[in-house]
**Q** 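First the structure, then my questions, so here it is.
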Amino acid sequence: MATTERPPSTSRLRAWMLEGLSDMGKGGGHTGPHAEPEPPHQGQRWWRVMCLTGVDYFSTLGYQPGIAALAAGLLSPIATIVLVIVTLAGALPVYRRVSEESPHGEGSIAMLERLLSFWQGKLFVLALLGFAATDFLITITLSAADASTHLVENPHLTATLHGHQMVITLFLVALLGAVFLKGFLEAIGVAVVLVGIYLVLNLVVVIVGLWHVITAGHVVTDWGNALTAEHGNVFVMIGVALIVFPKLALGLSGFETGVAVMPHVQGDPGDTEQRPAGRIRDTKKLLTTAALIMSCFLITTSFITTLLIPEKEFKPGGQANGRALAYLSHEYLGSAFGTVYDVSTIAILWFAGASAMAGLLNLMPRYLPRYGMAPHWARAVRPMVIVFTLVAFLVTWIFDANVDKQGGAYATGVLVLISSAAIAVTIAARKAGQRRWTFGFGAIAAVFLYTTVVNVIERPDGVKIGACFIAGIILVSLLSRLARAFELRVTSVTLDPMAERFIRDMASRKMRFIANEPGHRDKAEYRDKVEQIRADNDMPEQEDFVFVEVTVTDPSEFEAGLTVRGEVLHSRYRVLTLESASIPNALAALLLHVRDVTGCTPHIYFEWTEGNPFANFMRFFLFGQGEVAPVTREVLREAEPDRSRRPRVHTG
């Protein structure tokens with residue numbers, strides 16, 4: 001016997017994939033594997049939370065020294081010192097200010113969103129989301145690639161795994177996706193253990209490396225002689241170091257993550273959500289401590305790797321390519337310690353990918369649904385995990401699971417986000433009237449913009465991938481917004497006392513509204529409008545009307561509350577004024593609210609809009625006005641399927 005029921009397996013699979021979708025957006029919460037931030041005044045000590053951002057920041061030690069040696073050669077330590085100066089004097093002050101301006105973890109993108117409005121602001125945020133997606137996705141693929149490098153190059157495994165790096169990298173990415181499909185909660189305790197072990201092992205490698213440099217005095221002498229022979233004098237060396245510095249920008253990663261984890265910082269008992277002073281103070285400690293630890297490791301590791309590892313080993317195919325510190329650990333501390341170091345590095349690199357995936361799943365739903373620019377299923381975690389995992393597969397295949405090839409793309413994403421943060425704090429300081437900070441942050445922004453441009457010119461892969469993400473996000477966003485154009489997207493309706501009085505008076509008779517585009521608002525305007533509506537609809541003179549006027553605020557906004565104010569003009573005409581991003585949505589929301597409050601079916605009267613219907617629809621889509629009458633009717637039709645309860649729309 002035929003049946004129309006959906007197969008149970010399909011139904012269960014769909015329910016599992018979209019689990020939690022009906023709860024998305026409720027209660028003001030955001031989506032993603034982190035779920036809701038911890039309640040106010042709870043959380044973890046700042047140093048524990050530092051380890052959460054440290055899995056991203058500190059894990060770059062797995063590949064940064066090797067990339068620096070390839071980029072700068074013998075100048076790697078000097079170029080790294082330049083990087084550290086930029087970190088401590090540039091990125092750190094910027095993100096300390098970001099933590100003040102955005103204490104709930106939204107980061108610099110949210111700052112720019114508040115500072116910039118209308119469509120140009122939304123498009124700018126979408127572009128930044130594209131680069132943020134580049135940053136996080138390349139973090140996943142690069143970390144997995146470097147983890148596979150540590151596996152393949154391990155002396156105990158190299159004979160078995162050699163030539164299989166692509167397969168291993170894809171397996172690690174797939175494993176990451178599988179974990180998130182099952183459900184992943186950030187474990188600060190796990191991060192503390194991983195970071196603690198990893199930093200201790202790196203400290204041992206650094207101490208042993210420095211001991212060998214000191215005891216073998218000719219190493220420093222040989223390095224100095226080679227530098228002098230290659231570059232001449234110290235000023236030339238500094239100049240070249242400044243030029244190659246952008247290639248080392250990977251060492252700046254982690255600051256955006258440091259701000260994103262702010263909601264987990266405990267703060268003080270007296271903190272409020274409006275001004276969590278303790279959380280801000282401790283987040284500054286977190287950022288400063290992480291930057292100082294990383295700066296010390298960057299300088300020392302670049303020094304020992306440059307002096308102790310032969311240049312040929314850094315190149316593709318060399319034993320130190322993508323794993324310089326692991327090479328030293330095996331060379332100077334034995335195979336057993338080297339294997340322990342490899343395992344620790346693989347673990348923290350994999351966890352850095354997990355942190356990046358969590359960042360993606362929190363970042364996209366935080367912005368796109370509010371813009372009306374996300375498909376319905378994008379509010380659920382599991383479908384997005386599949387999308388991001390497939391994209392990570394593609395990126396891994398494009399870059400052949402090679403750490404060096406992905407360095408430029410990763411650096412571009414990092415630099416664009418830091419540059420946007422520097423611009424955001426510059427604008428914030430200027431609006432606050434802080435001239436010195438404005439000048440200082442402006443100079444820092446100029447440095448990062450220069451670094452970004454140089455990195456893009458020399459290694460365009462990052463901007464190409466970022467452009468692909470931007471194009472994809474904007475295309476999908478606009479198509480989604482087009483598909484959701486007729487949704488009722490007013491979150492609440494509030495009437496002032498005069499407006500409530502108008503509604504109560506009308507409830508005893510036919511409730512008739514006239515949609516009016518406000519002009520001079522003189523007596524003749526309202527008189528002529530009433531006469532025209534009566535003539536177009538063949539209505540008797542005794543019928544009473546209330547005018548409704550909508551002023552469009554920011555047409556790029558998708559969802560917002562609606563406040564209705566009532567006023568009497570020229571001692572005769574009752575007018576309800578509304579402010580909204582969309583005229584049809586505001587009118588539909590008002591009519592439905594009036595119907596629910598009074599139990600009566602309201603009527604609203606329009607004029608037909610002059611001009612091309614398609615052009616008028618595009619005016620509505622982009623600017624919230626245009627083809628008002630039919631769009632209002634369509635919004636009402638979608639919001640109220642029951643035709644008998646639907647407010648009536650009349651057009652003449």
Side-chain angles (χ1 to χ4, degrees), residues 55 58-70 73-74 76-77 80 142-166 168-169 172 193-216 218-220 222-223 250-251 296-352 401-404 407:
V55 295
F58 300 142
S59 67
T60 57
L61 289 171
Y63 44 81
Q64 172 72 10
I67 290 177
L70 275 178
L74 295 173
S76 175
T80 301
L142 188 148
S143 297
D146 196 46
S148 66
T149 299
H150 282 77
L151 268 176
V152 171
E153 295 297 333
N154 184 280
H156 300 292
L157 301 173
T158 185
T160 305
L161 301 179
H162 186 72
H164 299 290
Q165 183 162 345
M166 173 68 78
I168 296 171
T169 303
L172 290 175
V193 173
L194 286 178
V195 169
I197 293 174
Y198 186 67
L199 290 183
V200 169
L201 292 176
N202 275 283
L203 183 61
V204 172
V205 174
V206 167
I207 292 173
V208 172
L210 290 174
W211 173 254
H212 278 81
V213 169
I214 294 170
T215 55
H218 67 91
V219 174
V220 177
D222 293 345
W223 174 63
L250 288 179
C296 292
F297 273 111
L298 284 173
I299 293 173
T300 53
T301 56
S302 68
F303 183 69
I304 62 174
T305 52
T306 302
L307 271 64
L308 295 177
I309 299 178
E311 184 179 355
K312 64 179 182 178
E313 299 295 349
F314 288 114
K315 296 179 179 179
Q319 295 183 36
N321 182 254
R323 56 186 299 277
L325 293 177
Y327 175 91
L328 290 180
S329 68
H330 282 277
E331 187 74 14
Y332 292 103
L333 289 162
S335 179
F337 183 91
T339 299
V340 171
Y341 185 89
D342 284 338
V343 171
S344 173
T345 304
I346 292 167
I348 196 169
L349 285 168
W350 187 86
F351 207 79
N402 187 287
V403 175
D404 299 328

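If you read the sequence from its start, that first residue is 1, and numbering goes on from there.
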**Q** Please collect all salt bridge (charged side-chain N to carboxylate O under 4.0 Å, His left out) contacts where either partner lies in residues 193-216, sequence neighbours excluded, each pair once.
**A** none
**Q** My understanding is that only residues two or more places apart in sequence, or in another chain, count here; which of them pass side chain to side chain donor-acceptor pair (under 3.5 Å) with Thr169?
**A** Ser148
**Q** With Thr60, which residues qualify under side chain to side chain donor-acceptor pair (under 3.5 Å), at least two apart?
**A** none
**Q** Would you be so kind as to tabulate the donor-acceptor pairs closer than 3.5 Å made by side chains of residues 297-309, with sequence neighbours excluded?
**A**
| unit_1 | atom_1 | unit_2 | atom_2 | d |
| --- | --- | --- | --- | --- |
| Thr300 | OG1 | Cys296 | O | 2.8 |
| Thr300 | OG1 | Phe297 | O | 3.3 |
| Thr301 | OG1 | Phe297 | O | 2.5 |
| Thr301 | OG1 | Leu298 | O | 3.3 |
| Ser302 | OG | Thr80 | OG1 | 3.4 |
| Ser302 | OG | Leu298 | O | 3.0 |
| Ser302 | OG | Ile299 | O | 2.9 |
| Thr305 | OG1 | Thr301 | O | 2.6 |
| Thr305 | OG1 | Ser302 | O | 3.2 |
| Thr306 | OG1 | Ser302 | O | 2.6 |

**Q** If the condition is side-chain contact (heavy atoms from CB on, under 4.5 Å), which residues does Leu194 pass it with, not counting sequence neighbours?
**A** Val190, Ala347, Phe351
**Q** Name all pairs fulfilling the salt bridge (charged side-chain N to carboxylate O under 4.0 Å, His left out) condition that reach into residues 193-213, sequence neighbours left out, sorted by first residue then second.
**A** none
**Q** When you compare the side chain of Pro77 with that of Trp223, does any pair of heavy atoms fall below 4.5 Å?
**A** yes
**Q** Please report the interatomic distance OG(Ser344) to CD1(Ile197), rounded to the nearest 0.5 Å.
**A** 6.0 Å
**Q** Looking only at non-hydrogen atoms, find the nearest pair between Val195 and Phe58 and report the distance.
**A** CG1-CD1, 3.6 Å
**Q** Residues two or more places apart in sequence or in another chain: which of them pass side chain to side chain donor-acceptor pair (under 3.5 Å) with Tyr341?
**A** Asn202
**Q** Distance from Tyr198 atom OH to Ser59 atom OG, nearest 0.5 Å?
**A** 7.0 Å
**Q** Give, for atom CD1 of Ile346 and atom CZ of Arg323, the distance between the pair rounded to the nearest 0.5 Å.
**A** 9.0 Å
**Q** Which residue pairs satisfy the salt bridge (charged side-chain N to carboxylate O under 4.0 Å, His left out) criterion with at least one member in residues 198-213, sequence neighbours excluded?
**A** none
**Q** Of all the heavy-atom pairs spanning Ala144 and Leu172, show the shortest one and how long it is.
**A** O-CD1, 3.6 Å
**Q** Decide yes or no for Pro310 and Tyr327: does some side-chain heavy atom of the first lie under 4.5 Å from some side-chain heavy atom of the second?
**A** yes
**Q** With Val204, which residues qualify under side-chain contact (heavy atoms from CB on, under 4.5 Å), at least two apart?
**A** Val208, Leu333, Phe337
**Q** Could you report the tightest heavy-atom contact between Ser329 and Ala326, atom names first, then the distance?
**A** OG-O, 2.7 Å
**Q** Which residues pass the ring-ring contact (aromatic ring centres under 6.0 Å, His included) test with Tyr332, not counting sequence neighbours?
**A** His212
**Q** The criterion is side chain to side chain donor-acceptor pair (under 3.5 Å); which residues satisfy it with Asp342, sequence neighbours excluded?
**A** Asn154, His330
**Q** Measuring from atom CG of Asp146 to atom OG1 of Thr345, what distance do you get when rounded to the nearest 0.5 angstrom?
**A** 8.0 Å
**Q** So which pairs with a foot in residues 302-319 pass salt bridge (charged side-chain N to carboxylate O under 4.0 Å, His left out), sequence neighbours left out?
**A** none
